[in-house]
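Right, one structure below, let's go through it.
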Amino acid sequence: MTTLSLFSINVMVKYKDQMESMFEKHLFLAEIETTIGLLDEDLLGFLSSKSSTRLNNYIKQSEYLNSIIIEEEVPLLTTEDLLMKNIIHLIQAYEEEAAEAIDYKRQRNVYAYDLHYKNSVAIKGLIQGYIDELNKMQLIVNSKSYTEVVELIFLLQTITYVIVVVLIALSMLIVYLITARMVKPFANLSHAAEEIAKGNFNTEDIHVETEDEFLLLATAFNEMKNSISVYIEEFKTKAETEAKLKDQQLINMKMEHLLDHAKLMSLQSQINPHFLFNTINAGVQMSIMERATRTGNFLESMAKLFRYNLQKMDASCTLSEELENIRDYYQLLKARFGERIKFKFVIDPETLNMAVPPLILQPLVENAYIHGLSDLEIGGTITVTAVKSVDSTYVSIKDSGVGMDQEQITHVLNKGDKPSDLGIGIRNVRDRLELFYHMDNVLKIESSKGEGTKIIIRIPQDME
Amino acid sequence: MKKNRLTMILIVAFVLILVGALVIGLYITNELSKASKTTQLLTSGSEAYYHLMVILDDSYKVYDEQFEEGLITSGEQYKIATEIIWVEGAHYNEKVFEALDRAYYTQVDGVILHGFSDDQLIKRIDELHQAGIAVITLNEDLSTSARISYVGINQYNMGQTAAKLLSERLEPGDQIALIGSKHYENNNQEDMLVLGINDYLKENTQNSLQLIAYTMEGVFSAESVAVNIFKSYPDIRGIYCVDEANTLGVVQALIDNNVVNDYVLLGSGDNMEILNYIQKGKIIEGVIITDYEEIAKKAVQLFYESRNTLYVSSYVDTKITKVTKDNIDSYLDEMGDGYEEIP
């Protein structure tokens, strides 16, 4: 607006100056012409009547005329200057002739003052002529100038319109930029808030370039968003952990249930352990007294077996302990059946410390004896092996008994089928193994009719 | 980013347009103040140091363009402003005196004047001289006046040249008529011209000048005079016209009266129509051309020298140019080379 105002003022001033310069000469010449006319009137009046009033008026007009014309030499640059110079000299000549006429009038020299007056009239005519010529010239020049000025003014008008339009457009653009700059942080904030409301906490932080309240607001918002995000992550982690714990608890509960069930099953086949234990101890003492060594050994093995069953309430034990339990069981069987049931142990020492759930081998051995060898008159061999491989340890219970066909194997392992006496123990062991190791395929049965049965347990390598 | 870039480009464009419009507007605003400049006295815009009043006879058309051109050229050179007063109509002499009064009262520095033989004029010239105004005469010498110099052609020489050109084409015994404009009446220069013609004819030929006729203004006056010659003067076979208007008037009369081949016409001026007739080889045998531009230049130069040196020549001849069929082509080609100058 300032630019436009200054520009418009400049144009108006120039235009005013131009208009003034176009007409001031006319006004000046008109003034001279009028004054000359008055001078002539007063001169004639004085010469006619010798009126002092007329003379005084003449003198005043003469002084006035002299005051308005420029007596100093004006450089001759234009035709106007030339004509103006002529007018000034003619005015001087007129005044000289008029002065002569006045003098001769005072001297009462009629012929002389008449002559000089006529000369003054002639000069006045010349002045008139030059004024007319100058006015005419000025008119032509001013007409031309006016046309040029009108064209220039029209051009200026157009340019002013252009300036106004451009200024308006520029102003609107600048206002748009400023408001956009002010509104942008709010828009970003609003968008971020929407995203957070939808649950998306991964939006970018809001960046504000100005250092004002927007910056404080944006900083607080970012902190809030990040904090909420962190809290939510923590809650998630916590919830996941709790879920895992619950799962583990469930697993443990199931393990315990299965263990209890195994124990229960184990104990179901046995008499009240405490009563039996005590009774067996009494028997051991009697055997010692009677020097019945074999009986004593038999009873001791039985006691150890019952002790193992009673004490092993832990979640895990070592393979070594399980194998020891098997040996005690073997002693019992050996006492009953002599050499008819043989046991063989092929144990890799490196596997002895493997962590296993309790009471996993004894049910399998018992199964091998009951369902594999008990019906054979010649008996058989139960081989227990523990072999370490690259990623696992394989413990196998193999009997040389009657064996099973594939249908029987499938029936034993199929969780959906109702277990028979043959399958209950194996399934229990398998289930506990799966719970313990959190993996499937921990137990495999290889058997064929008349060829015996081999049950293989796979223990993962990192379970020590 | 794209939006920001576009916005910046728009802002820059608007600013450039705004600045451009303001610059143009300011330039035009400045032009406003120049719109009313009047005509400069000198083309270069310099200040003129002298003021010359040139009083010319308006009926003397030969003093139009070329003469003014000479005044302007010389004025530029010597920084002299010239004011031309054309005097016309009845009471020519009185009007000249009034113009001289004007020169006196406006205190000009010098006057260039179409002179004529008149005691009053001589007296006025003396008065101007006493007032410190230098007077230079054209056409008429006025050697008895206080004029500082006369600039013009040597009329006697011109007469000689005209007589020679005519007599070369006439038969012995043929008569010659001289047709002049009214300016030549009672003019000493005209006397010199006639003297030159007569002297040459007398000394070199068997031809003589039988008639001196004067025309009023305009082409038709010369036609009348020419027709009168055809009818009334059977011995006249050569006609010499001293200005362009008379020359063209006589040409028209010759054509209209179908007597082109019966007369030898010698004209004046380098009007294209006249030169064409010469080129065609008929009607006009030749012309004698006065260099009026040079007259003007010389006159202004003389004035300048009168103000800046102690001595100026009181009589300055300017050259005349004879153009006939023999040199018309070169004259037309170059307007400088190939034509015969008469000193």
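Side chains included, hydrogens not; waters and symmetry mates left out as well; all remaining heavy atoms used. All of these numbers come straight from a predicted model, not from anything done at the bench. So you know, we letter chains A, B, ... as the sequences are listed, proteins then strands, and number each from 1.
The environment of A:Gln107 atom CD is dense: over 12 non-hydrogen atoms of other residues, nucleotides or ligands sit within 6.0 angstrom. The environment of NZ in B:Lys298 is sparse: at most 12 heavy-atom neighbours from other residues, nucleotides or ligands sit within 6.0 Å. Around OH of B:Tyr78, the count of heavy atoms belonging to other residues, nucleotides or ligands within 6.0 Å exceeds 12. Residue-environment remark: OH (B:Tyr104) stays at or below the threshold of 12 foreign heavy atoms within 6.0 Å.
Atoms CD and OH, from A:Gln92 and B:Tyr105 in turn, are 14.0 Å apart once rounded to the nearest 0.5 Å. Taking CZ of B:Phe14 as the reference point, atom CG of A:Leu167 lies at 10.5 Å (rounded to 0.5 Å). Rounded to the nearest 0.5 Å, atoms OG1 (A:Thr158) and CD1 (B:Ile24) are 11.5 Å apart. To the nearest 0.5 Å, atoms CD1 (A:Ile159) and OH (B:Tyr27) are separated by 11.5 Å.
When heavy atoms are compared at a cutoff of 4.5 Å, A:Tyr176 approaches chain B solely by way of its side chain, counted from C-beta outward. For A:Glu96, no part lies near chain B; criterion is any non-hydrogen pair under 4.5 Å. Both the backbone and the side chain of B:Ala48 have a heavy atom closer than 4.5 Å to some heavy atom of chain A. Contacts of A:Leu77 with chain B are made by both backbone and side-chain atoms, with heavy-atom separations under 4.5 Å.
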Verdict with reasoning, B:Thr106 to A:Tyr130, per side chain to side chain contact (heavy atoms under 4.5 Å, CB included):
CA-CA 11 Å; B:Thr106 54; A:Tyr130 272 120; 3.9 Å; yes
Begin from the C-alpha positions of B:His51 and A:Asn86 and carry the test side chain to side chain contact (heavy atoms under 4.5 Å, CB included) through to its verdict.
CA-CA 10 Å; B:His51 176 193; A:Asn86 288 349; 3.0 Å; yes
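What you find for A:Ile163 and B:Ala21 is that their closest heavy atoms are CG1-CB, 3.6 Å. Contact detail for A:Lys85 and B:Gln107: the closest heavy-atom pair is NZ-O, 4.0 Å.
You'll find the side chain of B:Ile11 reaches within 4.5 Å of the side chain of A:Leu177, heavy atoms only.
For the set A:Val162, A:Ile123, A:Ile174, A:Ile140, the entry with the most heavy-atom pairs within less than 4.5 Å of chain B is A:Ile123.
For residues 124-134 of chain B, a heavy-atom distance under 4.5 Å to chain A picks out no residue at all.
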